[in-house]
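These notes are about the structure you will find just below.
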2 protein chains.
Amino acid sequence: MRSPHAVIEAATPVPEGAASVENHPSAATTPGARTRSQLQRRKRIVQAAAALASRGGVEAMQMRTVAERAGVALGTLYRYFPSKMDLVVAVVGEEIDLLESSIQRRPPSAPTASGRAVDVLMRATRGLMREPELADALLRSLIMTEVETPFGDRMARLLLRVAGEGLTVELATEDQLTLANSLASVWVHELLEMLRGLRTYEQIQHRLEIVSARLLMDF
Amino acid sequence: MRSPHAVIEAATPVPEGAASVENHPSAATTPGARTRSQLQRRKRIVQAAAALASRGGVEAMQMRTVAERAGVALGTLYRYFPSKMDLVVAVVGEEIDLLESSIQRRPPSAPTASGRAVDVLMRATRGLMREPELADALLRSLIMTEVETPFGDRMARLLLRVAGEGLTVELATEDQLTLANSLASVWVHELLEMLRGLRTYEQIQHRLEIVSARLLMDF
DNA sequence: CCGCAAAGTAGAACACGCTCTAATCCGTGT
DNA sequence: ACACGGATTAGAGCGTGTTCTACTTTGCGG
């Protein structure tokens, strides 16, 4: 409904017939040994799904349509993603990959740990909000899904990494992970409120600053 | 799947034919002038829905089944609740009322503000978890709904009330509300994780203690 | 090259949320 | 008493996620 380009689709109008033979398609959210062409197919599916979701949200991303657009039979789609939710989760995975690499490219520069965390979260917020339909769809789906998503954990580790500047995440204590994880869930909550039209960027930033200052106080 | 009684259904096997003429059926979550028999019907519907949801969760609560069990036509059900989500939200409303009054009956007694907050949250957790299927359905729906539910705010005020013992909530600063609200959203997140089988009571308690200690440190 | 299991395909079919229709019921104002 | 309008009903029907079936293609070990 809103703007016509997806954060994710970027340069991917979903090549139909003979696709270029990508080698390491960033398997991201799905391990397990696969052949090259299977990875390709998987990638095409996710791209098609993302493209569809970026306009019109989840409802525009119909399984039949995704299959068609990915040039794949419905049965095959279901072989790769046993449910629509799994597909959505995969799309989310790519989204996080993007955020992660964006952060690696241009790390936050605030002086305090808390500040850097807020920085990252606000950047993620703006990124997601570029495609409200998509963001809404993805967020809600993530929360709804029975499937265990590594979302919270990934976000927590990301936050820890930028918070404790040189900190090796492996050295983080259980409690530190808990705190980062909690900050992430507060963020998700704020995002949902924003999608409901109950928050502005400024409000979110302010609230995150307050909470982050306390949760990450001793980093 | 789990235990056979619902927190809510209590003494309500959904009277079918000639129902007793209840007078003030605790309109709770739906204002608007209605006739007596309409309120009765509405109540029967919600009860049927709750009873179904309490075993088998949302999926067991099929609109056709709810209608049948409430002794009402499908069309009528949809007249009262335009979507399944609205029905679920109504059920949630009743559940929250219960929790709130339980807390009023037996207030938390921990010495610190943070402790009392955790106390309340853990009690709510155990209450909800008595009916996991139902809790799951209700929680997710709450998060999902477009409708603005006062849930977060209600919870935040409740927490503030027990945290600052004699504190009049009206005197709370904006920032204090933010902190309480954030604690509530962390709690919701933990609940979801528990429903996914990723948390025990002990873990949740520990995590809430850590977070609460920081968020409510100066109460 | 052969055979065969795994993967893919087209499409029918099913389940369930939701909508629509035509008929009937019910209560209220005149 | 009666007519009228809104509420209710039974049931058909639609859309979309998911499953199933029968068939074909693909890739690989021997």
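Only this structure's heavy atoms are used, side chains among them; waters, hydrogens and symmetry mates stay out. Residue numbers begin at 1 in each chain, while the letters A, B, ... track the order of the sequences.
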### Query
Which residues pass the salt bridge (Lys or Arg N to Asp or Glu O under 4.0 Å) test with B/Arg41, sequence neighbours left out?
none
### Query
Quick one: which of A/Glu190, A/Glu209, A/Glu193 gives a side chain to side chain contact (heavy atoms under 4.5 Å, CB included) with A/Ile204?
A/Glu190
### Task
Going 5' to 3' through nucleotides 6-19 of chain C, assign each nucleotide B (protein heavy atom under 4.0 Å from a base atom), S (under 4.0 Å only from sugar-phosphate atoms) or - (no protein heavy atom that close).
-SSBS--B--BBBB
#### Entry: A/Arg69 side chain to A/Ala48 backbone, donor-acceptor under 3.5 Å
no
### Task
Report yes or no: do A/Asp86 and A/Ser83 form a side-chain donor-acceptor pair below 3.5 Å?
yes
#### Entry: A/Glu100 with A/Arg161: basic N within carboxylate O range, under 4.0 Å
yes
